[in-house]
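The structure appears below as structure tokens.
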Amino acid sequence: MSLEIAGPAVLEPGHRSPEQPMTAETPFKSEFLQTMRDRGYIHQITHPAELDAAAADGKVVGYIGFDATAASLHVGSLIQVMMLRRLQKAGGKPIVVMGGGTTKVGDPSDKDAQRPLLTTEQIQANIASIKTVFEKFLTFGDGPTDAVMVDNAEWLDRLGYVEFLREFGVHFTINRMLAFDSVKLRLDREQPLTFLEFNYMLMQAVDFLELERRFGTNLQLGGSDQWGNIVNGVELIRRVDGKPAFGLTTPLLSTASGAKMGKTVAGAVWLNADLRSPYDYWQFWRNTEDADVGRFLRLFTDLPLGEIARLEALPGAEINDAKKLLANEATRMLHGEDEAAKAATTAEATFERGVLSDDLPTVEFVWAGPEGDLTERTAEALVKEAGLASSMREARDLIQGGGIRINDEKPLVGQYYARSDALANLGAFKVQKGKKTIVLAKPI
């Protein structure tokens with residue numbers, strides 16, 4: 001799970017403010033921006049000196065939008081949630097915007113194809129599911145620094161098309177929009193970009209303007225793929241309302257294979273417990289590569305920087321202690337102290353003492369599988385049923401490569417198992433991939 005993060009940069013879009021340009025080394029006066037820099041969140045900033053002064057005066061209201069394309073956010077979105085947490089801890093006010101309106105269009109940023117269009121009912125069901133995660137990281141309420149959650153369908157759904165074009169379309173040029181990476185990359189690859197998606201960046205700019213008018217929001221945060229969209233909102237507010245507005249982006253996190261943070265061979269690392277168990281979530285962080293431990297501790301935990309520096313410098317096998325602490329802290333923050341402790345105990349019993357626990361991830365499957373055989377199942381079928389392979393072919397390749405154990409023994413391709421071969425004490429097959437992933441496959 002090695003990540004690559006581009007070095008920090010401080011940039012200004014459009015018309016420049018009359019401030020002295022800052023560099024990536026210029027010290028910040030505000031706790032917020034200094035913390036963001038020290039922990040590795042900053043990639044780009046607009047009007048950095050202005051933003052630093054506003055943050056030092058406790059006058060930052062910042063937002064991030066989350067489109068509801070699935071029933072849960074995945075861990076790739078966690079850096080955005082943590083930025084809002086950093087803002088609140090530094091005395092700013094975080095605004096969580098659920099994309100009930102923008103999800104109907106779909107963000108083309110960093111996408112090779114249009115997202116599937118969801119119905120209003122599907123979007124609202126996803127929002128209801130996603131909302132619960134934010135309460136784990138932010139304090140909501142009516143106080144000056146308490147977080148607020150809103151749905152941009154409240155204002156976007158009410159805009160008439162002609163009204164939208166007349167009020168906002170005049171502030172954007174096609175020339176400028178075509179120059180943004182989110183558009184340019186799709187066109188350079190000769191991949192279709194629908195007019196529906198082309199409207200997205202205008203809608204996001206309108207979000208920022210609406211939030212500025214409702215809450216005094218003056219900062220939009222996001223990943224670096226959102227830079228163009230954020231710049232549009234900054235410039236719209238400064239042009240239309242004459243108010244200060246700022247943007248800040250984080251580096252995009254990618255694995256060594258180029259996949260986005262939050263994606264694994266087994267699929268997305270979801271934040272909702274019903275889609276990924278606390279134990280599996282704990283294991284995801286425990287399996288961090290050695291070189292990434294310090295970075296992840298800075299980004300995804302509240303541990304002091306001095307303690308993190310000590311942990312990432314641990315020699316040899318001792319770095320595993322830092323990985324366990326990372327897993328404990330990240331799991332505790334999302335799922336609570338009890339679930340984190342249970343996951344740690346289960347992992348220790350399984351991998352260090354060889355004791356199986358029914359707290360291990362368990363997958364129930366119908367014994368009469370696709371092979372049509374009611375009495376036996378192949379090793380490939382058990383691997384696939386356990387969720388450790390997406391297809392029978394992938395399962396076969398894993399078995400041939402020696403990466404699979406069933407009930408602690410390496411199976412052969414095509415080897416059959418009877419239902420009675422399930423472990424008697426658990427009524428399940430112990431299916432293991434590599435050294436770190438174990439699933440109990442329980443026939444029903």
Side-chain angles (χ1 to χ4, degrees), residues 9-22 33 42-55 57 59-65 87 92-95 97 99 101-102 105 107-109 150 152-184 193 195-249:
V10 182
L11 307 175
E12 296 183 14
H15 51 271
R16 300 164 62 91
S17 62
E19 64 190 8
Q20 199 65 20
M22 299 182 75
L33 286 184
I42 297 178
H43 179 62
Q44 298 159 304
I45 311 178
T46 74
H47 314 90
E50 270 190 72
L51 175 58
D52 191 31
D57 290 341
K59 297 178 180 177
V60 173
V61 180
Y63 95 94
I64 302 179
L87 175 62
K93 185 179 184 68
I95 309 290
V97 177
T102 43
V105 173
D107 184 2
S109 301
V150 293
N152 62 18
E154 290 178 27
W155 54 87
L156 293 178
D157 281 2
R158 293 201 303 265
L159 283 174
Y161 187 57
V162 174
E163 174 193 358
F164 177 78
L165 292 178
R166 283 179 63 87
E167 187 171 352
F168 305 113
V170 294
H171 299 293
F172 299 88
T173 67
I174 296 296
N175 315 59
R176 183 87 186 282
M177 293 168 74
L178 289 174
F180 285 121
D181 286 344
S182 59
V183 174
K184 192 172 183 295
L193 177 69
F195 187 69
L196 178 70
E197 295 171 283
F198 196 57
N199 277 271
Y200 188 94
M201 63 179 71
L202 274 70
M203 296 173 69
Q204 187 165 319
V206 171
D207 277 354
F208 199 171
L209 181 64
E210 182 70 24
L211 292 166
E212 179 265 314
R213 291 172 175 175
R214 289 188 178 208
F215 304 104
T217 305
N218 55 2
L219 172 65
Q220 184 180 356
L221 304 124
S224 62
D225 61 332
Q226 294 295 312
W227 179 246
N229 293 340
I230 291 173
V231 166
N232 279 331
V234 168
E235 295 189 339
L236 182 64
I237 291 171
R238 288 176 174 259
R239 186 179 298 120
V240 174
D241 283 4
K243 299 284 186 65
F246 315 103
L248 186 155
T249 64

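Starting from 1, each residue takes its place in the sequence as its number.
No side-chain donor-acceptor contact under 3.5 Å links D207 and Q204. Judged purely by distance below 3.5 Å, without hydrogens or angles, the side chains of T217 and E212 never pair a donor atom with an acceptor atom.
Looking at N218, its side chain never comes within 3.5 Å of a backbone N or O of A245 through a donor-acceptor pair.
Contact annotation: the side chain of L202 never approaches that of N232 to less than 4.5 Å [non-hydrogen atoms, C-beta and beyond]. The side-chain heavy atoms of V60 and L87, taken from C-beta on, include a pair separated by under 4.5 Å. Counting heavy atoms from C-beta outward, F215 and V150 have side chains that approach closer than 4.5 Å. For the pair H47/V234, a side-chain contact is recorded, criterion being any heavy-atom separation below 4.5 Å from C-beta on.
Taking the salt bridge (Lys or Arg N to Asp or Glu O under 4.0 Å) definition, one finds that D241 meets it with R213, sequence neighbours left out. Listed by chain and residue number, nothing satisfies the salt bridge (Lys or Arg N to Asp or Glu O under 4.0 Å) test with K59 (two or more places apart in sequence, or in another chain). With sequence neighbours excluded, no residue satisfies ring-ring contact (aromatic ring centres under 6.0 Å, His included) with F246.
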Task: Check against side-chain contact (heavy atoms from CB on, under 4.5 Å), L236 and F208 - done: CA-CA 9 Å; L236 182 64; F208 199 171; over 6 Å; no

TODO: Check the pair I230 / L248 against side-chain contact (heavy atoms from CB on, under 4.5 Å), numbers first and verdict last.
DONE: CA-CA 8 Å; I230 291 173; L248 186 155; over 6 Å; no

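For the side-chain contact (heavy atoms from CB on, under 4.5 Å) with L211, the lone residue among V97, V206, I237 that qualifies is V97.
A salt bridge links E50 with R238: the closest approach of a Lys/Arg side-chain nitrogen to an acidic carboxylate oxygen falls below 4.0 angstrom.
Rounded to the nearest 0.5 Å, atoms NE2 (H43) and OG1 (T249) are 5.0 Å apart.
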